[in-house]
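Here is the structure we will look at, set down as structure tokens.
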Amino acid sequence: SPSGMGLYIYDRDGFKIIDCVFDNFDYGIYLNDSRHGDLINVTINNSDVDGLVLEDESNDVRMKGIQVINTKGDNAIWFDGDEWSASEVSGNLIEDSVIRKSTSAELVWINWGLNNEFRRSNFSESPSGQYGVYINGHNNIGNFDINDNIIFSNGVGLYLYNSKNNDFNR
């Protein structure tokens with residue numbers, strides 16, 4: 001059975017993870033308070049809790065060509081800022097990626113996020129009644145840029161809460 005974390009990065013400024021596979025962990029990749037990084041051609045399979053977590057001031061992380069597939073526990077991707085400390089997860093990019101098949105919760109859950117972008121990605125197959133992409137803005141601001149994505153076969157495709165000034169195309 002899955003256990004532990006495939007990769008845990010804490011308080012790092014500048015990192016690159018390229019062409020790696022993380023299979024059968026509780027958490028595939030966990031970034032905590034880390035900035036200015038790249039995840040390129042990374043695959044996260046069969047996570048038992050969350051596939052990819054960006055927590056507390058994890059900002060300016062560029063995720064290109066990532067695949068997060070078959071998350072069994074909570075969310076495939078979880079951006080987790082902290083409402084009480086006013087930390088947010090911001091300025092992150094998911095591009096040319098596939099986020100698919102979470103068996104119990106949302107594909108992407110963003111809590112206290114600002115200025116994040118999703119481009120040319122596929123968000124599909126969340127469970128019935130769950131969200132493909134759930135966005136909870138920060139102090140009633142979101143400024144999300146969600147363009148040229150495919151969001152389908154989800155209980156609810158895209159859900160915005162406490163989030164204004166967003167840009168959606170195609």
Side-chain angles (χ1 to χ4, degrees), residues 5-15 17 22 25-39 42 44 47-64 66 68 71-95 97-100 102 104-124 126-127 129-147 149 151 154-169:
M5 295 182 193
L7 177 65
Y8 180 74
I9 299 176
Y10 176 74
D11 195 23
R12 292 288 172 205
D13 195 3
F15 57 89
I17 312 301
F22 299 92
F25 290 97
D26 288 333
Y27 299 88
I29 298 176
Y30 202 110
L31 306 176
N32 188 338
D33 197 24
S34 295
R35 300 149 298 285
H36 314 297
D38 293 289
L39 301 175
V42 170
I44 302 168
S47 298
D48 212 32
V49 181
D50 291 305
L52 172 62
V53 177
L54 278 72
E55 184 176 48
D56 291 340
E57 302 292 335
S58 288
N59 302 318
D60 188 33
V61 177
R62 293 163 304 277
M63 296 157 272
K64 185 168 182 165
I66 66 169
V68 183
T71 304
K72 299 175 216 143
D74 289 331
N75 308 292
I77 296 178
W78 184 25
F79 288 12
D80 186 29
D82 187 347
E83 145 182 35
W84 307 113
S85 70
S87 72
E88 74 273 340
V89 178
S90 65
N92 300 296
L93 168 67
I94 297 175
E95 185 174 43
S97 297
V98 175
I99 315 305
R100 185 173 62 82
S102 176
S104 62
E106 286 72 29
L107 294 173
V108 179
W109 179 286
I110 299 172
N111 194 37
W112 295 89
L114 287 171
N115 303 316
N116 294 292
E117 298 180 52
F118 302 152
R119 296 185 195 149
R120 296 179 308 277
S121 294
N122 177 323
F123 303 93
S124 62
S126 66
Q130 300 297 329
Y131 306 105
V133 178
Y134 177 98
I135 297 173
N136 180 11
H138 180 72
N139 292 332
N140 209 24
I141 299 171
N143 292 336
F144 283 84
D145 187 5
I146 299 177
N147 288 293
N149 294 285
I151 301 173
N154 300 297
V156 175
L158 178 63
Y159 183 85
L160 299 173
Y161 176 78
N162 195 27
S163 185
K164 292 182 180 176
N165 304 322
N166 301 290
D167 181 21
F168 305 100
N169 288 305

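Sequential numbering from 1 along the given sequence is applied to the chain's residues. Keep in mind that what you see is a predicted model, and the values were worked out from it rather than measured.
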Using side-chain heavy atoms (C-beta onward) and a distance below 4.5 Å, is Ile94 in contact with Phe79? yes
Measure the NZ-CG distance between Lys164 and Asn143 for me, rounded to the nearest 0.5 Å. 11.5 Å
Got a donor-acceptor contact below 3.5 angstrom from the Asn59 side chain to the Ser90 backbone? yes
Leu39 versus Leu52: any side-chain heavy-atom pair under 4.5 Å? yes
Among residues at least two apart in sequence or on other chains, which ones pass side chain to side chain donor-acceptor pair (under 3.5 Å) with Tyr131? none
Report the distance from atom CD1 of Ile77 to atom CG of Asp74, rounding to the nearest 0.5 Å. 14.0 Å
Mind checking the CZ-CG spacing from Arg62 to Leu93? Nearest 0.5 Å is all I need. 8.5 Å
Within a strict 4.5 Å, meaning less than it, do heavy atoms of the Leu107 and Thr71 side chains meet? no
Ignoring hydrogens and angles, tell me if any N or O in the side chain of Asn116 forms a donor-acceptor pair with the backbone of Val89 under 3.5 Å. yes
Grab the two heavy atoms, one from Ser102 and one from Ala105, that are nearest each other, plus how far apart they are. OG-O, 3.1 Å
Heavy-atom side-chain contact between Leu160 and Phe144 under 4.5 Å: no
Main chain of Tyr161, side chain of Ser163: is a donor-acceptor contact present, judged purely on distance under 3.5 Å? no
Any Asn92 side-chain heavy atom under 4.5 Å of Met63 side chain: yes
Any side-chain to backbone donor/acceptor pair from Ser126 onto Asn154? Under 3.5 Å, distance only. no
Given Tyr27, Tyr30, Trp109, Phe25, the one that forms side-chain contact (heavy atoms from CB on, under 4.5 Å) with Asp50: Tyr27
Rounded to the nearest 0.5 angstrom, the CZ-CD distance for Arg119 and Glu95 is 5.5 Å
Would a 4.5 Å heavy-atom cut-off, applied to side chains only, mark Phe118 and Ile110 as touching? yes
Measure the CE-CZ distance between Met5 and Phe22 for me, rounded to the nearest 0.5 Å. 12.5 Å
Testing Leu31, Ile29, Asp33 one by one against Ile9 for a side-chain contact (heavy atoms from CB on, under 4.5 Å), which residue passes? Leu31
Measure the spacing between OG of Ser34 and CD of Glu57 and express it to the nearest 0.5 Å. 11.5 Å
Correct closest heavy-atom pair for Ile99 and Ala76 would be CG2-CB, 3.7 Å
Looking only at atom types and distance, does a side-chain atom of Asn149 sit under 3.5 Å from a main-chain N or O of Ser121, one as donor and one as acceptor? yes
Run the salt-bridge test on Asp11 and Arg35 with the 4.0 Å N-O cut-off and return the result as yes or no. yes
Do Val53 and Asn75 come within less than 4.5 Å of each other through their side chains, counting heavy atoms only? no
Greater than 12 external heavy atoms within 6.0 Å of Arg12's CZ: no
Trp112 side chain reached by Asn136 side chain, heavy atoms, under 4.5 Å: yes
